[in-house]
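Computed from a predicted model, the values in this text were never measured in an experiment.
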Amino acid sequence: MDIDYVALGEEIESGEFRSRLKTELLEGFEAMEREGARLPPPSYYATKIVEVIHAGAPVPLTKEASFELYQEALIACEEARRQVLGEPEP
């Protein structure tokens, strides 16, 4: 997933970041499911995604931005995982 660090805050606020991430996660999780691999817990995957985004940031993200980024990544991971596994929404 390409990250536009200049627009990241706006994308998080608008929900675009979560939507794009969920789309990519669905593809990846479906491939994992087809291969018989267990899907990772959403919190683990969200943490890894945020670590990658932080590593590529031209300047460190604020604590608030980091928190919001993690929350959006976690929700995207939860939704994608649930959808691939055919679990109902809570």
L21 reachable from I12 in the ILVMFWY side-chain graph, under 4.5 Å edges: yes
Y70 to A46 - nearest heavy-atom pair and separation: CE1-CB, 3.7 Å
Path from L8 to V52 over hydrophobic side-chain contacts below 4.5 Å: no
Min side-chain heavy-atom separation S66-V50 under 4.5 Å: no
Main-chain N/O of L61 paired to Y5 side chain as donor or acceptor, under 3.5 Å: no
Expected output: side-chain R18 to main-chain A73 donor-acceptor under 3.5 Å: no
Residue pair I49 / C77, side-chain heavy-atom distance below 4.5 Å: yes
For the student: nearest non-hydrogen atoms of L39 and R81, plus distance: O-NH2, 3.3 Å
Steps toward side chain to side chain contact (heavy atoms under 4.5 Å, CB included) verdict (I3, F17): CA-CA 9 Å; I3 302 297; F17 172 80; 3.9 Å; yes
E87 atom CD, over 12 foreign heavy atoms within 6.0 Å: yes
CA sep, side-chain torsions, deciding dist, call: T62, F67, side chain to side chain contact (heavy atoms under 4.5 Å, CB included): CA-CA 9 Å; T62 66; F67 176 78; over 6 Å; no
E13, CD: over 12 other non-hydrogen atoms inside 6.0 angstrom: no
Distance (rounded to the nearest 0.5 Å) between Q83 CD and E89 CD: 8.5 Å
Sidechain-backbone polar pair: S19 side chain, G15 backbone, donor-acceptor under 3.5 Å: no
Same cluster (ILVMFWY, side-chain, under 4.5 Å), M1 and I75: no
Lys/Arg-Asp/Glu bridge criterion (N-O < 4.0 Å) met for R20, E11: yes
Smallest separation among heavy atoms of K22 and A76, with atom names: N-CB, 4.0 Å
Close side-chain approach of P40 and M32, heavy atoms under 4.5 Å: yes
pair L85-E33: side-chain heavy atoms closer than 4.5 Å: yes
More than 12 heavy atoms of other groups within 6.0 Å of E64 CD: no
Within 6.0 angstrom of E10 CD, more than 12 heavy atoms from elsewhere: no
More than 12 heavy atoms from other groups under 6.0 Å of CZ on F29: yes
